[in-house]
Amino acid sequence: MLKLARTIRFDESDQNVFSRPALPGEWAIPGGFEFSNWTEGDLTGKARQAFANGWLGLDSFGRSTFVAVAQIEPDEQETLLAALTKHFIELYGAPSHDAAHEVAKAEIAFMQDLAEDHAPNTLLTVSRALTEAGVKEEFRAITPAEAEIDIVAVHGSMD
């Protein structure tokens, strides 16, 4: 079974803290490559929030605070690979389709490695810091059993 992660939104905070929030349910990767050339001067406002803990949604290329592990079908993965390859060419000026494809493949494989040992619906968070060696990423998993019930379930009344 192939696993990846989908963006998840518990409230409206992502819309307030990211300049481009990801939509709920998008497939996602860490997307730390976006920050590879950043300096302390780049870490202001909403850009700082995206850097600090934003996952990259692969439809909108917006950011999300949380992702949840989910099963992905091989054809869906191929669609994501094509979209990310195109993103590297159009936004980052990749030198060739093949070069962009290889980097996109590595980014998706990295996300699969992160998700592989977790049960579906496990929440993942990312935390980044800018160091002298570059961007340092740390990942944390929150199983549904660890989460407060109001995080994993929405309760309401029929009234």
Side-chain angles (χ1 to χ4, degrees), residues 3-70 72 76-77 79-95 99-115 118 120-144 146-154:
K3 294 180 189 172
L4 214 56
R6 288 189 179 272
T7 58
I8 189 166
R9 191 180 292 170
F10 295 117
D11 58 29
E12 300 303 312
S13 61
D14 282 358
Q15 291 183 278
N16 298 322
V17 299
F18 299 123
S19 59
R20 179 185 294 165
L23 299 172
E26 291 185 45
W27 291 110
I29 60 174
F33 56 80
E34 181 178 349
F35 313 112
S36 63
N37 294 322
W38 281 34
T39 66
E40 285 291 332
D42 296 307
L43 299 177
T44 61
K46 292 183 177 188
R48 181 179 197 69
Q49 188 68 25
F51 170 81
N53 64 9
W55 295 89
L56 183 66
L58 294 177
D59 288 331
S60 66
F61 293 100
R63 294 285 169 171
S64 178
T65 302
F66 294 99
V67 295
V69 173
I72 185 169
E76 290 177 290
Q77 184 175 329
T79 300
L80 295 178
L81 183 58
L84 191 53
T85 297
K86 183 178 177 184
H87 183 71
F88 284 140
I89 292 167
E90 292 178 355
L91 190 64
Y92 295 101
H101 183 82
E102 288 305 309
V103 173
K105 200 156 105 177
E107 289 291 328
I108 291 171
F110 179 68
M111 185 68 231
Q112 285 179 317
D113 287 345
L114 286 174
H118 299 291
N121 297 321
T122 299
L123 300 179
L124 302 176
T125 64
V126 60
S127 175
R128 292 187 189 87
L130 198 56
T131 69
E132 288 185 20
V135 177
K136 177 183 176 190
E137 291 181 314
E138 293 180 357
F139 301 95
R140 180 173 168 234
I142 305 166
T143 63
E146 293 177 82
E148 301 281 331
I149 190 65
D150 61 345
I151 290 179
V152 295
V154 176

- Of all the heavy-atom pairs spanning Leu58 and Leu80, show the shortest one and how long it is. CB-CD2, 3.9 Å

- Hey, are Lys136 and Glu138 close enough for a salt bridge, meaning a charged N less than 4.0 Å from a carboxylate O? yes

- Query: Backbone N or O of Leu81 within a donor-acceptor pair of the Thr85 side chain at under 3.5 Å?
  - Reply: yes

- Item | Stepwise side chain to side chain contact (heavy atoms under 4.5 Å, CB included) check, Thr125 with Phe66 | CA-CA 6 Å; Thr125 64; Phe66 294 99; 3.6 Å; yes

- Task: Return the set of residues passing ring pair (Phe, Tyr, Trp, His ring centres under 6.0 Å) with Trp55 (not counting sequence neighbours), or none when no residue passes.
- Result: Phe139

- Message: For Trp38 and Phe51, take the angle between the two ring planes, folded into 0 to 90°, and tell me which bin it lands in: parallel under 30, tilted 30 to 60, perpendicular over 60.
- Response: parallel

- Query: Are a donor atom and an acceptor atom from the side chains of Thr65 and Asp14 found within less than 3.5 Å of each other?
  - Reply: yes

- Heavy-atom check, side chain of Leu124 versus side chain of His118, under 4.5 Å: yes

- Item | For the student: nearest non-hydrogen atoms of Gly32 and Glu137, plus distance | CA-OE2, 3.5 Å

- Task: Give the minimum heavy-atom separation between Thr7 and Ala28, together with the two atoms involved.
- Result: CG2-CB, 3.8 Å

- Once you round to the nearest 0.5 Å, how far does CG of Leu43 lie from CZ of Arg48? 5.0 Å

- Query: Roughly how far apart are Glu34 CD and Tyr92 OH, rounded to 0.5 Å?
  - Reply: 4.5 Å

- Taking NZ, NE, NH1 and NH2 as the nitrogens, is one of them in Glu76 or Arg6 under 4.0 Å from a carboxylate oxygen of the other? yes

- Item | Heavy-atom pair with the smallest gap, counting every atom of Ile29 and Leu84 | CD1-CD2, 3.8 Å

- Item | Met111 side, atom CE; Trp27 side, atom CH2 - distance, nearest 0.5 Å | 10.0 Å

- Item | Audit row: Leu130, Val135, side chain to side chain contact (heavy atoms under 4.5 Å, CB included) steps and yes/no | CA-CA 5 Å; Leu130 198 56; Val135 177; 4.0 Å; yes

- Query: Does the side chain of Leu56 reach to within under 4.5 Å of the side chain of Phe33, using non-hydrogen atoms?
  - Reply: yes

- Heavy-atom closest pair (Pro30 atom, Phe110 atom, distance to 0.1 Å) is CG-CE2, 3.9 Å

- Please say whether more than 12 non-hydrogen atoms of neighbouring residues, nucleotides or ligands are located less than 6.0 Å from CG in Asn37. no

- Item | Rounded distance (nearest 0.5 Å) linking atom CD of Gln49 with atom CZ of Arg63 | 11.5 Å

- Straight-line distance of Ile108 CD1 to Ile72 CD1, nearest 0.5 Å: 7.5 Å

- Could you state the interatomic distance from CZ (Phe18) to OG (Ser60), rounded to the nearest 0.5 Å? 11.0 Å

- Message: How close do Arg9 and Leu23 get, counting heavy atoms only, and between which atoms?
- Response: NH2-CA, 4.0 Å

- Message: Could you check whether atom NZ of Lys46 has more than 12 heavy atoms from other residues, nucleotides or ligands sitting under 6.0 Å from it?
- Response: yes

